[in-house]
Amino acid sequence: MFDTSTFYDELLPWFMLFIASLGIFIWRFLGLILSSKIRKDSFFAKWINAVAFAMTTGLMVRIIFFPTGALAETELLERLIPFLIGVIIFLFFSRTPIIGLVAGILAFSSTVIYNQII
Amino acid sequence: MKKRDSAFKKGILTGFGFPGIGMSAAMFGYGVFAGEAGLDLFLCLGALLILWSMPGMVIFVSLYTIGTPILLLFSTVLLANMRQFFLVLSGMTIINIHSHKISFVSKLLWAHLISPTGWAELTKAKDELEEKELLTFFKGLTLALVTITSFTTVLGYKLFFFLPADIVSIPIFIMPLYLTILMLRAVEIYYRVAVISGGIICPLLFPYIGDWSLIIAGLFGGTIGLFTSYLVQKGNSNV
């Protein structure tokens with residue numbers, strides 16, 4: 001006889017994933033619908049872009065201050081100082097952004113590897 | 001035709017470059033996290049492609065593994081992902097998606113695949129490509145990002161018990177630094193002010209109001225940016 005409980009057990013995680021995806025889909029759907037009402041060069045479009053710029057930067061800086069997962073295993077200063085080094089070097093060499101990026105990554109990696117060694 | 005091919009190629013190359021490395025490093029971390037939590041590999045990959053949002057994925061894995069009720073799972077994901085609204089609204093306006101003769105389902109698919117990395121690359125590409133090429137660029141970029149992140153998610157899932165967490169943190173560090181630098185490259189003064197305000201407000205409020213700090217940082221940062229621009233323009237016209 002077909003065991004329905006096993007069938008439901010296998011489907012349950014995918015059903016939960018579907019429910020979680022609805023929570024994101026709603027925002028994306030609304031974003032797509034409303035984008036048809038906005039003129040690209042309007043004041044409102046500029047504001048929306050500025051909000052997205054501020055949110056993305058906020059999210060990235062938040063990851064440095066309050067990380068989750070593997071990054072949370074490091075100390076705040078171990079993340080913050082290399083991050084600032086990367087940003088400051090970028091501000092000096094803004095035409096070649098890769099210099100700031102590489103400097104920040106090198107500073108962070110050397111701190112992590114140094115901590116592993118000692 | 002050639003122009004379209006080059007926009008697509010540019011998207012692919014961008015996706016496999018630093019943006020892809022940064023994003024896939026974060027997904028490597030997600031693979032490690034899902035492996036640690038005991039999630040099935042297919043479900044882990046399914047969550048990556050179906051949710052395509054780091055906060056959404058992390059919340060799903062965390063809450064699913066502790067057996068959270070469905071309504072709580074839905075409302076937590078909903079509240080933590082309001083930023084998707086602004087990213088999609090901004091990204092779809094930049095691409096001018098409604099000027100392309102594609103079906104609504106296709107439009108939904110491209111809206112679904114907007115991520116902070118994808119959106120940030122779009123804001124950069126809009127100054128380098130013609131508007132009608134941006135969708136083709138985004139298709140190439142997304143194809144590369146989906147490929148590389150799927151690969152590194154599986155890699156992280158399979159390798160989670162071999163690697164020390166400190167070493168895993170190195171590739172994960174790339175994404176926040178890369179995207180912050182990308183945001184600071186904005187030329188217009190209102191974007192720059194918005195970037196700095198958002199970067200200050202969000203971590204200050206986060207300990208008190210959690211994920212709402214992101215929405216408030218965005219709304220205040222964006223508004224402060226535009227207000228500053230208005231004041232500067234007014235000052236210039238008075239001179």
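Lettering follows sequence order; numbering is per chain, from 1.
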**Message:** Check this for me: B/Phe220, atom CZ, are more than 12 non-hydrogen atoms of other residues, nucleotides or ligands nearer than 6.0 Å?
**Reply:** no

**Asked** Would you say A/Phe83 and B/Phe173 make side-chain contact, with heavy atoms under 4.5 Å?
**Response** yes

**Asked** Of the backbone (N, CA, C, O) and the side chain (C-beta and beyond), which part of A/Ile26 lies under 4.5 Å from a heavy atom of chain B, both, or neither?
**Response** side chain

**Item:** Proximity breakdown for A/Phe25 and chain B, heavy-atom pairs closer than 4.5 Å
**Value:** side chain

**Request:** Taking the side chain as every heavy atom from C-beta outward, state whether A/Asn49 and B/Thr93 have any atom pair closer than 4.5 Å.
**Result:** no

**Asked** Do the non-hydrogen side-chain atoms of A/Ile33 and B/Phe104 ever get within less than 4.5 Å of each other?
**Response** yes

**Message:** B/Tyr157: which residues meet the ring pair (Phe, Tyr, Trp, His ring centres under 6.0 Å) condition with it, sequence neighbours left out?
**Reply:** none

**Message:** Which one wins on heavy-atom pair count under 4.5 Å against chain A: B/Ser75, B/Pro176, B/Ser213, B/Ala217?
**Reply:** B/Pro176

**Message:** As an exercise: rank B/Leu184, B/Val58, B/Ile59 by heavy-atom pairs under 4.5 Å with chain A and give me the winner.
**Reply:** B/Leu184

**Fill in**
Whatever's closer than 4.5 Å to a heavy atom in chain B on A/Leu59 counts as both

**Request:** Let me know if A/Phe90 has heavy atoms under 4.5 Å from chain B in its side chain, its backbone, both or neither.
**Result:** side chain

**Message:** Given heavy-atom pairs under 4.5 angstrom as the criterion, report whether the side chain, backbone, both or neither of A/Ile63 touches chain B.
**Reply:** side chain

**Asked** What distance separates A/Leu101 CG from B/Leu182 CG, expressed to the nearest 0.5 Å?
**Response** 10.0 Å

**Prompt:** Which of parallel (below 30°), tilted (30 to 60°) and perpendicular (above 60°) describes B/Tyr191 and A/Phe53?
**Reply:** parallel

